[in-house]
Amino acid sequence: MTSETDRSSNPVLVRKYGGSSLSSVDRIRTVASALAVRHAEGIGLVVVVSAMGRTTDELDHLAHQVSQHPARRELDMLLSVGERITMSLLSMALADLGVPAISFTGSQCGLITDGSHTDARILEVRGDRVRDALDQGMVVVVAGFQGVSRDREITTLGRGGSDATAVALAAALGAERCEILKDVDGIFTADPHRVPDALRHATLSYDEMERIAGAGCGVVHHRAVSQAREHGVPLFVGSSFHDAPGTLISAAATAAAPATAVADWRPLSIISHDDLALLEVFDPAAPLPATLAAAVAEHPPLAEWTRQDGDRLHWGVIGPSAEISRLRDLLPDAGRIVFQRGLDCLSFAGPPPASWLAVRAQVTSSLAELGIDGVHLIAVDGVLRLLLPPTDAARVLQPLHDLFLGNHG
Ligand code: ASP
Ligand code: MG
């Protein structure tokens, strides 16, 4: 049994809970009970929390009700509050269970970022106060998603940025691993709510997880995966509600050998996105405005591509409808413009196939069997994207999963 006074040599575990796992007082209490069990085992626990439920969206909405263009510094002051609420409540819940706990903001942990408000990058994690509190046997609860710049301004790390906080702390503290606990059981070959026989990946390499995250799977933040790879931090993704095996992401691991699927090419995951828009410009009469590039950079879309063919330009983007509409408004009305809202997207993430042509043929013939033709299909950045009206997307997901990922062995 470890004494409460000397825990300095104990293994450290960094665990991050997402907003839906902390969306109510009951859930916060449930999380506290699970943590109390690990603490009693003598593990040094650092718990990174997100804002409760949809708090960050609500705060952002509030800002935009007050001002059309809120200053990004002030947005950071506001948005960082969400995580402070959760960290203090969780510490109180732990104390009620007799577990010594202390909460820290990103700034108090010495999480130093660059000065780019609302999308800051982590430069350094000092972590002295975290280490001291761990040495005193405390559970350390950290507000995710935020840090402080060298100019002592509060910054946030971009939406979903608490994962990055967790990985950065795990690296700085030399933690055994970093656990990202959510309302899902791990990384699957498709959303198990939409494809009931989707398979969980028990293990993935960093490279494989980066491909899945980069294709737009929101389960783990893509920047957090790159950081984990850089620092060699093993990442575990699993359920916050029950003890389930989850997905372990590390350098050694790799996805299980493919079962014999009909198609030669086997993606790692088919990711569903709803309510997207497509914007394409063909052969514009004038150069595209610089404000367009700046707007794309500010809210990176799901995919962007361009092709120059002599003096003919083709440029396209897919992304959330509201953001793509804003881009549409920046375009001069010259040249041919395609703008379509209310589309769903199925993204096939994985190592690229030997040829996209063969994959395209398989997809189109499989869709034709379902009576769907004229589908919009784009392969860019090693990801195949199918754009479909929502009813078609719901109908084709299972058959396409059967074709490319089904167990036909
Ligand atoms: N609460 C922030 C967000 O919703 C950060 C996070 O959840 O990781 O984006
Ligand atoms: Mg959140």
Side-chain angles (χ1 to χ4, degrees), residues 14-24 27-28 31 46-64 70 72-90 103-109 111 113 116-122 125 141-148 154-171 178-184 187 209 212-214 216-228 233 235-241 249 273 298-302 319-320 322-323:
V14 175
R15 195 180 256 197
K16 181 252 167 177
Y17 286 94
S20 56
S21 309
L22 298 160
S23 59
S24 66
R27 288 196 174 170
I28 289 176
V31 164
V46 177
V47 187
V48 175
V49 294
S50 288
M52 291 174 73
R54 311 211 62 86
T55 303
T56 310
D57 290 329
E58 286 158 15
L59 292 173
D60 188 61
H61 182 65
L62 203 56
H64 285 90
R72 288 167 64 175
R73 176 190 185 276
E74 302 308 330
L75 262 181
D76 275 350
M77 294 302 264
L78 180 69
L79 297 189
S80 59
V81 170
E83 274 71 11
R84 283 178 79 145
I85 296 174
T86 333
M87 72 171 194
S88 43
L89 293 177
L90 181 59
S103 65
F104 291 131
T105 63
S107 159
Q108 287 175 311
C109 295
L111 195 144
T113 72
S116 143
H117 284 293
T118 74
D119 195 28
R121 307 288 149 115
I122 300 170
V125 180
V141 184
V142 175
F145 173 57
Q146 57 186 273
V148 65
I154 299 297
T155 53
T156 63
L157 307 176
R159 297 306 304 269
S162 299
D163 293 353
T165 303
V167 170
L169 273 167
C178 178
E179 298 186 344
I180 310 274
L181 300 193
K182 324 220 6 153
D183 54 356
V184 295
I187 308 294
M209 189 62 227
I212 295 172
C217 168
V219 175
V220 191
H221 198 282
H222 65 97
R223 224 180 272 162
V225 183
S226 326
Q227 277 174 27
V233 175
L235 259 187
F236 171 84
V237 181
S239 165
S240 56
F241 299 124
I249 301 141
H273 286 100
E298 192 169 333
H299 296 282
L302 192 58
E323 279 162 27

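Residue numbers run from 1 in the order of the sequence given. Numbering of ligands and ligand atoms starts at 1, following listing order. Bear in mind the structure is a predicted one, so any value in this text is a computation, not a measurement.
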Would you indicate whether the side-chain heavy atoms of Arg159 and Asp57 approach each other to under 4.5 Å? yes
Looking only at distance, does Asp163 have an N or O less than 3.5 Å from an N or O of ligand 1? no
Does a donor on one side chain sit under 3.5 Å from an acceptor on the other, for Thr155 and Asp76? no
Crowding at CZ, Arg72 (>12 non-hydrogen neighbours, <6.0 Å): yes
What atoms of ligand 1 come closer than 4.0 angstrom to any heavy atom of Arg159? 3 (C), 4 (O), 9 (O)
Does Gly19 have a non-hydrogen atom less than 4.0 Å from ligand 1? no
Numbered in order shown, the ligand 1 atoms found under 4.0 Å of a heavy atom of Ser50 are 6 (C), 7 (O), 8 (O)
Can you see which heavy atom on Ser162 is nearest to which on Lys16, and at what distance? CB-CE, 3.6 Å
State the atoms of ligand 1, each with its element, that fall below the 4.0 Å cut-off from a heavy-atom position in Gly160. 3 (C), 5 (C), 6 (C), 8 (O), 9 (O)
Using a 3.5 Å cut-off on N or O atoms only, is Thr56 in polar contact with ligand 1? yes
With a cutoff of 4.0 Å, is Glu83 in contact with ligand 1, counting heavy atoms of the residue only? yes
Quick test of your reading of the model: are Asp119 and Arg223 salt-bridged, counting only N-O distances below 4.0 Å? yes
In short, Val233 meets Ala170 closest at the heavy-atom pair CG1-CB, 3.8 Å
